[in-house]
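Keep in mind that the numbers below use all heavy atoms, side chains included, and drop hydrogens, waters and symmetry copies.
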Amino acid sequence: MSYALNQQLKHYFGFDSFKGQQEEIIRHLLDGNDCFVLMPTGGGKSLCYQLPSLLMEGTAIVISPLIALMKNQVDVINGISERDGVAHCLNSSMSKTAIDQVKANVRDGVTKLLYIAPESLTKEENMNFLRSVKVSFYAIDEAHCISEWGHDFRPEYRRIRPIVDNIGRAPIIALTATATEKVRTDIKKNLGIQDSREFMSSFNRPNLYYEVRAKTPDVDKQIIKYIKQHNGQSGIIYCLSRKQVEDLAEVLRTNDIKAAPYHAGLEPSVRNATQDDFLMERLDIICATIAFGMGIDKPDVRFVIHYDIPKSLEGYYQETGRAGRDGGDGQCIAFYSTKDLQKLEKLIDTKQPSEQEVGRLLLQETKAYAESSICRRKLLLKYFGEDYPQDNCGNCDNCLHPKQRIEATEGLRALLTAVATLKENYHSAYVIDFIKGRPTDEIESHKHHENPEFGIGEGMPDKLWMPIIRQAIVDGYIVKDIESYGNLKLTAAGKRKLKEFRGEEKPNAFYVTEDNQFTEESVEPSTVSGALDEQLFSILKDLRRTEARKRGVQPYIVFMETSLEQMATMYPTTMEELQTIQGVGQGKAKRFGQPFLDQIKLYCEENDIIRPEDIRVRNVANKSAGKVKIINCIDRKMPLNEIAESLHIKFPGLLDELEAIVYSGTRLDIRYYVESTMDEEQLDDIYGYFEDAETDSLNDAYEEFDGDYSDDDIRLVRLMYISENAN
């Protein structure tokens with residue numbers, strides 16, 4: 001039997017042997033048994049139901065929320081099959097003709113795997129259809145969605161068992177990549193498979209590197225630099241909001257990175273096209289909201305970046321699991337900010353009271369992971385109930401840059417004593433207040449301030465108590481009881497340790513490391529760094545005059561002085577780098593840039609200049625909602641005063657906005673308005689001045705006209721002149 005199953009594996013999938021517990025799981029299912037499978041992303045969960053479906057009589061129903069993954073897996077199965085239609089999906093985005101074809105293939109016995117979303121499964125017409133066919137088994141993929149303790153709870157998933165009973169009983173296999181003990185229990189209870197066998201694989205992904213960085217104002221710059229250092233590699237960047245996904249993708253594209261957004265708000269056709277482009281490597285980077293939207297089976301994703309700290313460690317673990325599924329190296333970098341944490345807390349406050357408790361506890365675990373200086377692999381595995389025996393994994397930021405250990409044996413004694421004194425009924429913050437002797441309203445209401453142990457650790461620094469609690473959890477002395485929303489409980493080892501402290505023999509020393517400190521200030525200024533090279537600046541000004549004379553334009557039309565200053569600071573030598581300079585768009589770079597690049601390159605070679613590694617990131621400032629509205633209004637030739645009124649700003653404020661747009665390189669045709677408000681002689685007079693002027697300075701222009709024209713008129717004509725001649 002074993003040899004035959006291996007033959008089937010080789011025949012269908014081309015693999016010589018099974019991975020881990022795959023064969024055992026498949027045999028269990030083939031024998032008609034329910035089972036629960038907990039297997040990390042990349043461990044081969046899909047094969048556990050794909051191969052049995054091809055061998056069993058009837059059609060396997062795969063319930064999955066991942067429409068993108070459905071499409072991907074359907075393509076994979078059909079690709080290994082000798083005939084079309086062996087795998088299909090059924091969802092609301094399909095046409096009636098396509099749905100009829102799927103149903104025909106199922107009735108004819110052609111289709112062995114039918115992927116269906118939970119929302120589609122609940123439709124009466126689909127239930128009626130499935131009652132008429134032979135169901136081999138039900139596979140519940142992403143089963144953590146069943147549990148309210150899971151990171152992507154879906155109410156529709158709670159109805160799966162009644163629907164299965166309605167359609168017709170068959171074996172159930174529930175699969176997930178991330179589930180704590182509480183989540184596993186909840187899943188099995190809801191599906192009615194409490195007595196099913198559990199298959200659990202290790203959560204450890206040794207090929208993944210974990211790092212948490214402070215999220216500073218220059219985070220976009222850091223990400224762009226990182227991507228360019230890993231040029232051509234595939235990566236996913238997770239953001240919490242659709243807007244952030246869109247904005248970041250645009251910033252990346254502006255900096256010549258092949259990126260696209262992916263979230264539930266996009267049209268299905270757009271999402272499918274983006275998915276295909278990513279799989280076919282026409283795109284390097286996908287900016288996505290959550291792992292749901294990115295159910296894409298791409299094995300060679302080399303890095304996963306969390307632009308925002310995730311809402312739970314389950315979500316974080318699953319999303320990082322997209323990296324290195326081929327066994328190669330994968331880099332997992334998360335940006336952490338207390339401001340982002342506060343935003344998530346506010347979102348939690350809008351939920352039902354019971355959901356708030358769950359949400360806060362999950363978020364606190366994420367916070368602990370980010371701030372702790374303990375081995376990140378050890379923390380992650382402990383969260384999922386798995387012990388990692390080593391203290392240093394050698395593949396996370398905390399282990400590669402370890403902090404000095406501090407003895408905190410007395411702190412552990414105080415902690416265990418406090419937890420026992422408080423009857424194991426309180427969470428971390430309450431226990432710390434008790435240890436420090438803080439008579440909060442809650443403590444006084446329980447009269448714990450009258451307990452002789454109150455203030456048992458008041459002499460130790462505040463910053464050590466959370467590290468002590470985290471280390472005590474990792475060492476197995478205490479646990480957070482999820483049923484009671486995070487109350488600290490003593491384990492058997494913790495009770496033994498407490499007896500040691502009360503005995504005569506001195507217990508073994510207990511060590512901690514201080515938490516990581518995250519500053520939200522820029523690592524380096526977000527504006528151009530470095531010192532102005534006065535000699536190069538002078539050379540570039542001479543070159544600008546020469547180029548201006550050749551073309552018969554003013555020097556400032558070629559490049560503004562501020563642009564030359566940045567060139568003399570950053571030393572750009574390529575068109576790509578030149579376009580990161582303020583006031584230099586793609587058109588201006590191509591029209592005027594090459595002589596300046598040649599000069600800068602020659603200057604750097606002759607003077608052995610070491611250029612800054614970081615080039616200023618090109619912004620997309622002119623893409624804000626207000627600026628887009630202004631551009632659209634001008635395209636419709638709407639009077640500028642009416643545009644100002646619609647934006648609730650004064651006219652000089654609108655001119656500020658127009659100048660920002662024009663100086664960023666965008667052409668604005670405002671001649672229609674200028675000609676309607678000024679007579680021809682006035683317009684020619686001011687326009688002629690800027691045609692002859694050596695500088696675009698407004699002060700020089702005001703002085704020249706000495707009150708003959710208003711400041712607004714001069715600014716308007718200058719805007720028109722620069723837009724028509726420089727952009």
Side-chain angles (χ1 to χ4, degrees), residues 220-221 224-232 251-258 284 524-622 662-667 690-697 721-727:
D220 290 1
K221 183 177 183 179
I224 289 167
K225 179 182 178 183
Y226 178 88
I227 292 171
K228 293 198 172 185
Q229 288 173 337
H230 297 79
N231 186 40
V251 167
L252 297 183
R253 287 195 297 264
T254 303
N255 286 275
D256 302 315
I257 292 169
K258 293 184 287 185
D284 291 333
E524 53 188 60
S526 56
T527 54
V528 174
S529 58
L532 174 68
D533 187 324
E534 296 286 356
Q535 183 179 351
L536 177 59
F537 179 59
S538 177
I539 292 171
L540 294 180
K541 284 185 73 175
D542 289 342
L543 178 59
R544 183 178 68 164
R545 279 193 291 270
T546 301
E547 291 298 314
R549 280 197 298 270
K550 280 183 189 176
R551 299 167 185 270
V553 297
Q554 295 76 19
Y556 67 84
I557 292 295
V558 177
F559 287 121
M560 292 186 295
E561 198 146 306
T562 53
S563 299
L564 296 185
E565 289 175 353
Q566 288 190 13
M567 291 181 207
T569 304
M570 302 307 298
Y571 305 99
T573 59
T574 67
M575 281 291 177
E576 180 186 31
E577 293 174 353
L578 184 60
Q579 289 173 57
T580 66
I581 298 297
Q582 185 178 359
V584 182
Q586 185 177 14
K588 180 163 283 195
K590 288 182 176 178
R591 190 186 310 174
F592 302 118
Q594 196 57 54
F596 290 82
L597 294 175
D598 294 341
Q599 181 63 69
I600 294 169
K601 186 175 182 181
L602 178 64
Y603 180 84
C604 289
E605 291 172 353
E606 290 179 345
N607 294 278
D608 296 323
I609 300 294
I610 299 175
R611 303 188 311 123
E613 291 182 358
D614 253 344
I615 298 295
R616 192 175 191 274
V617 173
R618 291 182 68 195
N619 296 316
V620 283
N622 63 328
V662 168
Y663 276 95
S664 72
T666 300
R667 185 184 179 95
F690 284 109
E691 284 183 319
D692 297 331
E694 285 289 314
T695 173
D696 62 343
S697 166
Y721 179 77
I722 292 174
S723 184
E724 291 178 349
N725 292 278
N727 296 344

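Contact between E576 and D256 at its shortest, heavy atoms only, is CG-OD2, 3.5 Å. The two atoms that bring Y571 and E577 nearest to each other are O-OE1, 4.2 Å, heavy atoms only. Between I557 and Y721, the closest heavy-atom pair is CD1-CE2, 3.7 Å. Taking each heavy atom of A568 and L532 in turn, the nearest pair found is CB-CD1, 3.5 Å. Taking all atoms of both residues into account, the shortest heavy-atom contact from R591 to R551 is O-NH2, 3.1 Å. Here the shortest heavy-atom pairing between P572 and I600 reads O-CG2, 3.4 Å.
Under the rule for a salt bridge (charged side-chain N to carboxylate O under 4.0 Å, His left out), R253 has no partner lying at least two apart in sequence or in another chain. Looking at residues two or more places apart in sequence or on another chain, you find no salt bridge (charged side-chain N to carboxylate O under 4.0 Å, His left out) involving K601.
One distance of note links CG of L536 with CZ of F596; it measures 10.5 Å at 0.5 Å rounding. The distance from atom CD1 of I227 to atom CG of D284, rounded to the nearest 0.5 Å, is 8.5 Å. The distance from the CD atom of Q566 to the CG atom of L578 is 10.5 Å, given to the nearest 0.5 Å. Rounding to the nearest 0.5 Å places CD of Q579 at 8.5 Å from OG1 of T574. Here I257 contributes atom CD1 and N231 contributes atom CG; the two are 9.0 Å apart, rounded to the nearest 0.5 Å.
Around NZ of K590, the count of heavy atoms belonging to other residues, nucleotides or ligands within 6.0 Å does not exceed 12.
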| message | One pair to check against salt bridge (charged side-chain N to carboxylate O under 4.0 Å, His left out): K550 and E547. What are the steps and the verdict? | response | CA-CA 5 Å; K550 280 183 189 176; E547 291 298 314; 3.3 Å; yes
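Here the side chains of N725 and V553 are not in contact, with every heavy-atom distance at 4.5 Å or above.
Although no hydrogens or angles enter the test, the distance criterion places no donor-acceptor pair under 3.5 Å between the side chain of R544 and the main chain of V558.
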